[in-house]
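Computed from a predicted model, the values in this text were never measured in an experiment. The sequence lines fix the lettering, A, B, ..., with proteins before strands; numbering per chain opens at 1. Note that these values count all heavy atoms, side chains included, but never hydrogens, waters or copies made by symmetry.
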2 protein chains.
Amino acid sequence: MNINNTFKDMLKEKGYKLTTQRRAVLDVLQNHIGDHLTTEEIYQYVKLQCPEIGLATVYRTVQLLEELKIIDRLTFDDGCNRYELGTFGEDHHHHHLICDFCGQIFEVEEDLMDAIEIQVEKKYKFQVTNHKVKFYGICHQCHAKKHPTS
Amino acid sequence: MNINNTFKDMLKEKGYKLTTQRRAVLDVLQNHIGDHLTTEEIYQYVKLQCPEIGLATVYRTVQLLEELKIIDRLTFDDGCNRYELGTFGEDHHHHHLICDFCGQIFEVEEDLMDAIEIQVEKKYKFQVTNHKVKFYGICHQCHAKKHPTS
DNA sequence: TATTAAAATGATTCTTACTATCAATTGACA
DNA sequence: TGTCAATTGATAGTAAGAATCATTTTAATA
Ligand SMILES: [Mn+2]
Ligand SMILES: [Mn+2]
Ligand SMILES: [Zn+2]
Ligand SMILES: [Zn+2]
């Protein structure tokens, strides 16, 4: 399944149109896999290829891409939304580790939530379709700095 | 372990003072267990008992209580922070179910994250001290409305 | 290809959750 | 009770993001 081939179809299905601005924003996200970009950061990158684009359009496009489940919205409690390319069709989400000391963000490749979701669905009769999971703690580097000899 | 008895001690340990405003804000949170109050909502409630309090003080107090791990900060992506009384000492967190259709929030009493955290700690050498977990999906009521006969 | 209606854009203003500032007040300790 | 640092309330300021609207562009049709 390729995002680029179906992007126009996904838009058409909802009555939306494919514009150069929308392509340019999606391109930025595709060229920054592993990053967690703010809307302002996306705006700065997209202006390099599409200098006439307005910030409002980036805000609108990023909301559209989230609605289409092409990208995921994240928040690391710094007051602004961040975005990353979603897994697009796979029911596999990755999680984030947030170091309380250095603020670095690490990716957890594994999902590992299936068993929990089954328990939740059974007990609470709630059909889970998505989840957002953040782990807070101490990263390897920071732990080494605090305990140099261990 | 009682919050009220140790609140003053927890403050003193960090050089903070116990004020009537701080007590009043904590009282509001204690009297609204199960709710997820915004700072503005806390302000409205606390004014009933403490009419002279300023909004800025509520913002400051709520940050202080979070720093002391007495309350937890939540966000349901509506643009403002929400707070609830923490479990205070117990290593037991509850999660939240968010219905995509009616917007209702449900509480998951069980933590269920221990096994996952052990896997994460082992593979990523990241010492997990906290987590925030949200499940999105369809609640029981909304599912019944969409499938009346099943 | 030209026509056309609806959707999208960019510039701008507006909203609002939250922060910073500061003079006045209060709490903890001696 | 007196001292002084911490705290408060009023107010102004900040910034992410939403709303507005005249102009432009897209995609379907002829
Ligand atoms: Mn990520
Ligand atoms: Mn809760
Ligand atoms: Zn670290
Ligand atoms: Zn519902």
Side-chain angles (χ1 to χ4, degrees), chain A residues 6-28 36-68 70-71 73-83, chain B residues 4-28 36-68 70-71 73-83:
Chain A
T6 55
F7 186 31
K8 185 167 186 175
D9 296 334
M10 298 173 74
L11 290 167
K12 190 156 77 175
E13 198 172 317
K14 300 221 176 187
Y16 302 142
K17 293 174 178 175
L18 179 59
T19 65
T20 55
Q21 291 88 340
R22 286 173 178 173
R23 282 307 321 263
V25 169
L26 181 54
D27 282 345
V28 167
H36 308 105
L37 303 176
T38 65
T39 311
E40 183 67 37
E41 288 168 343
I42 295 168
Y43 176 55
Q44 295 303 327
Y45 284 122
V46 80
K47 270 202 293 187
L48 299 176
Q49 300 299 326
C50 189
E52 76 287 359
I53 199 169
L55 179 57
T57 298
V58 180
Y59 272 102
R60 287 184 289 234
T61 303
V62 120
Q63 287 178 316
L64 178 70
L65 292 171
E66 190 197 0
E67 179 194 331
L68 296 174
I70 293 172
I71 64 174
R73 180 163 46 87
L74 311 167
T75 173
F76 296 135
D77 303 313
D78 61 348
C80 53
N81 291 322
R82 293 172 179 275
Y83 297 91
Chain B
N4 301 295
N5 293 348
T6 55
F7 185 32
K8 186 168 186 174
D9 296 333
M10 297 173 75
L11 291 167
K12 190 156 78 175
E13 198 172 316
K14 300 221 175 187
Y16 302 141
K17 292 174 180 177
L18 179 59
T19 65
T20 56
Q21 292 90 339
R22 286 172 178 174
R23 282 311 318 268
V25 169
L26 181 53
D27 282 346
V28 167
H36 309 106
L37 303 177
T38 65
T39 313
E40 183 67 37
E41 287 168 343
I42 295 168
Y43 176 54
Q44 295 303 326
Y45 283 122
V46 78
K47 270 202 293 188
L48 301 175
Q49 300 298 326
C50 190
E52 76 286 1
I53 200 170
L55 179 58
T57 299
V58 180
Y59 272 101
R60 286 184 290 235
T61 304
V62 119
Q63 287 178 317
L64 179 69
L65 292 171
E66 190 196 1
E67 178 194 333
L68 296 174
I70 292 171
I71 64 175
R73 179 164 45 87
L74 311 167
T75 174
F76 296 133
D77 304 314
D78 61 347
C80 54
N81 290 321
R82 293 172 180 276
Y83 297 91

**Fill in**
R22(B) atom CZ is separated from dT8(D) atom C1', nearest whole Å, by 10 Å
**Prompt:** Roughly, in whole Å, what's the span from CG in D77(A) to P in dA17(C)?
**Reply:** 18 Å
**Prompt:** Has Q63(B) got a side-chain N or O lying under 4.0 Å from the OP1 or OP2 atom of dC18(C)?
**Reply:** no
**Request:** Starting at atom OH of Y43(A), determine the distance to atom P of dA16(D), rounded to an integer number of angstrom.
**Result:** 13 Å
**Asked** Within less than 4.0 Å of OP1 or OP2 of dT9(C), is there a side-chain N or O belonging to T19(A)?
**Response** yes
**Message:** Taking the minimum atom-to-atom distance to the side chain of C80(B), which one of dT8(D), dA8(C), dC18(C) wins?
**Reply:** dC18(C)
**Prompt:** How do K12(B) and Y59(B) order along DNA chain C: which one's closest nucleotide is nearer the 5' end?
**Reply:** Y59(B)
**Request:** Using atom CG of L37(B) as one end and atom P of dA17(C) as the other, report the distance to the nearest whole Å.
**Result:** 15 Å
**Request:** Considering just the side-chain nitrogens and oxygens of Q21(B), establish if one lies under 4.0 Å of OP1 or OP2 belonging to dG9(D).
**Result:** yes
**Message:** Looking at the base of dG17(D), is there any donor atom on it, or on the side chain of R60(A), that sits under 3.5 Å from an acceptor on the other one?
**Reply:** no
**Asked** Does the side chain of V46(B) come within less than 4.5 Å of T61(B)'s, by heavy atoms?
**Response** no
**Item:** Between P of dT19(C) and CD of E66(B), the distance in whole Å
**Value:** 11 Å
**Asked** What is the minimum heavy-atom distance between F7(A) and R22(A), and which atoms define it?
**Response** CE2-O, 4.0 Å
**Side-chain heavy-atom pair T39(A), Y43(A) within 4.5 angstrom cut-off** = no
**Request:** Starting from P on dA16(D), measure out to CD on Q44(A) and report it in whole angstrom.
**Result:** 12 Å
**Request:** Name the residue closer to the 5' end of DNA chain C, choosing between K17(B) and A56(B) according to the nucleotide with the nearest heavy atom.
**Result:** A56(B)
**Request:** Could you tell me the separation between the NZ atom of K14(B) and the P atom of dG27(C), rounded to a whole number of Å?
**Result:** 22 Å
**Item:** Rounded interatomic separation in angstrom, taking CG from L64(B) and P from dT19(C)
**Value:** 13 Å
**Request:** Decide yes or no on side-chain hydrogen bond (donor to acceptor under 3.5 Å, both in side chains) for T20(A) and R23(A), but give the supporting numbers first.
**Result:** CA-CA 5 Å; T20(A) 55; R23(A) 282 307 321 263; over 6 Å; no
**Request:** With heavy atoms under 4.0 Å as the rule, sort E52(A) into base, sugar-phosphate or nothing.
**Result:** sugar-phosphate
**Asked** Base, sugar-phosphate, or nothing for L55(A), non-hydrogen atoms under 4.0 angstrom?
**Response** nothing
**Request:** Just compare dG17(D), dT8(D), dA27(D) and give me whichever is closest to any side-chain atom of L18(A).
**Result:** dA27(D)
**Worked check of side-chain hydrogen bond (donor to acceptor under 3.5 Å, both in side chains) between E67(A) and Q63(A)** = CA-CA 6 Å; E67(A) 179 194 331; Q63(A) 287 178 316; over 6 Å; no
**Request:** Using a cut-off of strictly less than 4.0 Å, decide whether N81(A) has a side-chain nitrogen or oxygen near OP1 or OP2 of dA16(D).
**Result:** no
